[in-house]
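Just so it is clear, the structure is predicted and the values come from calculations on it, not from any experiment.
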Amino acid sequence: MNDSDYLADRFEAHRSHLKAVAYRMLGSLAEADDAVQEAWLRLSRTDTSDVTNLGGWLTTVVGRVCLDMLRSRTSRREGSFEEHLPDPVVSPADGADPEQQALIADSVGLALLVVLESLAPAERLAFVLHDMFGVPFEEIAPIVGRTPAAARKMASRARTRVRGAAPAPDPDLARQRQAVNAFLAAARDGDFHALVAILDPDVVLRADRGAVGAGLVRVNGVAAVAGMLDTFHRFATAYAVHPALVNGMAGFVSAADGQPMSVLSFTVADGRIAAIDILSDPGRLAGLDLSLLDA
């Protein structure tokens, strides 16, 4: 094995971890792949003979790449209020494969990723690297161009916002599925009272229909969400509904004639549905791995 092959093998050993970092930073599977590829290019052009912790070195490189990508994204969106749901990671209901498990470990649901989207790029990096991957603030500080103390404050601000905005999901998948099945049954039956009973009073629904729907639409509160019963009834009766894991949590993929129509992710807390995230943008659905529809 030559030096190039050896370096490639060492990089591949860290690929899943690096993509998990990038996915939490960017909320986009395609951009996460781009960030990991850029890290490989930088590694291949760098003399790392003095690097004792290659995994840590690569993590900070991916962090820098993602920070640049987030800042570029923020600049492009200035003056525009259009938002989108992060990319969901969709797995069969009986479990995710090891690569998907690395992506969605630590309950990285869509509701959490939506909150991360609201953070400033440097705050997001400080929170993701430190709170999710244990990177010391001394290593984060040079990436964001601040002192370790300032990086710590960034992560603290982000942590406060995340705790206040993202409901903590029930870790029991069986209880999640029970609540989600109750939602589906109420939708199929057109049962308003059953729907209200399974929704948290402060439930939030986010729907991303892409260009057709002008970005992300939010509906807040049990009255407003339950008021969409007719829409839920049409969804539950017009399409084939496939149970799935969406970012490791109970959800559904709806399909018509084998073609995906939407991905629904649910955040269940204390036995009730606290958040519903719906992706029905045809272009983005086409880019997801929805092979479970072929099963």
Rounded distance [0.5 Å steps], [atom1] in [X] versus [atom2] in [Y]:
X	Y	atom1	atom2	result
Arg71	Leu125	CZ	CG	8.5 Å
Leu119	Arg161	CG	CZ	5.5 Å
Asp94	Leu245	CG	CG	8.0 Å
Phe11	Leu54	CZ	CG	9.0 Å
Leu279	Leu110	CG	CG	8.5 Å
Leu85	Asp281	CG	CG	10.0 Å

Common cluster, [X]/[Y], ILVMFWY with side-chain heavy-atom separation under 4.5 Å:
X	Y	value
Leu229	Val241	yes
Leu113	Leu285	yes
Val196	Phe266	yes
Val180	Leu264	yes
Leu184	Leu173	no

Tell me, do [X] and [Y] make a side-chain contact under 4.5 Å, heavy atoms counted?
X	Y	result
Pro201	Arg272	yes
Ile273	Val225	no
Val268	Met249	no
Ile143	Leu129	yes
Arg10	Leu43	no
Arg234	Asp230	yes
Asn247	Leu112	no
Leu116	Met132	yes

Looking at every heavy atom in both [X] and [Y], which two are closest together, and how far apart are they?
X	Y	answer
Ala158	Glu123	CB-O, 3.9 Å
Asp87	Ser28	OD2-CA, 3.4 Å
Val246	Gly251	CG2-CA, 4.1 Å
Gly271	Ile198	O-CD1, 3.6 Å
His17	Thr59	NE2-OG1, 2.9 Å
Pro169	Thr267	CB-CG2, 4.1 Å

Open item on the list: Once you measure the plane-to-plane angle for Phe137 and His130, does it fall in the parallel (<30°), tilted (30-60°) or perpendicular (>60°) bin?
Closed with: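 Taking His130 first and then Phe137, their aromatic rings lie parallel (interplane angle under 30°).
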
Looking at [Y], is its backbone amide N or carbonyl O close enough to the side chain of [X] to form a donor-acceptor pair, meaning the two atoms are under 3.5 Å apart?
X	Y	result
Arg124	Arg24	yes
Glu138	Pro148	no
Asp257	Gln259	no

Please check if the number of heavy atoms outside [X] that lie under 6.0 Å from its [atom1] is greater than 12.
X	atom1	answer
Asp270	CG	no
Tyr239	OH	no
Arg159	CZ	yes
Gln178	CD	no

Open item on the list: Closer than 4.0 angstrom, basic N to acidic O: yes or no for Glu117 and Arg73?
Closed with: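 Yes.
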
Task: Six-ring centre of Phe252, Arg177 cation under 6.0 angstrom, axis tolerance 45° - done: yes

Open item on the list: For Trp40 and Leu7: C-alpha separation, side-chain torsions, deciding distance, then whether side chain to side chain contact (heavy atoms under 4.5 Å, CB included) applies.
Closed with: CA-CA 10 Å; Trp40 161 248; Leu7 190 63; 4.2 Å; yes

Task: Full working for side chain to side chain contact (heavy atoms under 4.5 Å, CB included) between Phe235 and Ile278 - done: CA-CA 12 Å; Phe235 148 78; Ile278 305 172; over 6 Å; no

- [ ] List the steps and the verdict of side chain to side chain contact (heavy atoms under 4.5 Å, CB included) for Phe127 and Ile140.
- [x] CA-CA 10 Å; Phe127 175 78; Ile140 295 172; over 6 Å; no

TODO: List the steps and the verdict of side chain to side chain contact (heavy atoms under 4.5 Å, CB included) for Arg284 and Asp208.
DONE: CA-CA 10 Å; Arg284 293 181 62 200; Asp208 185 348; 2.9 Å; yes

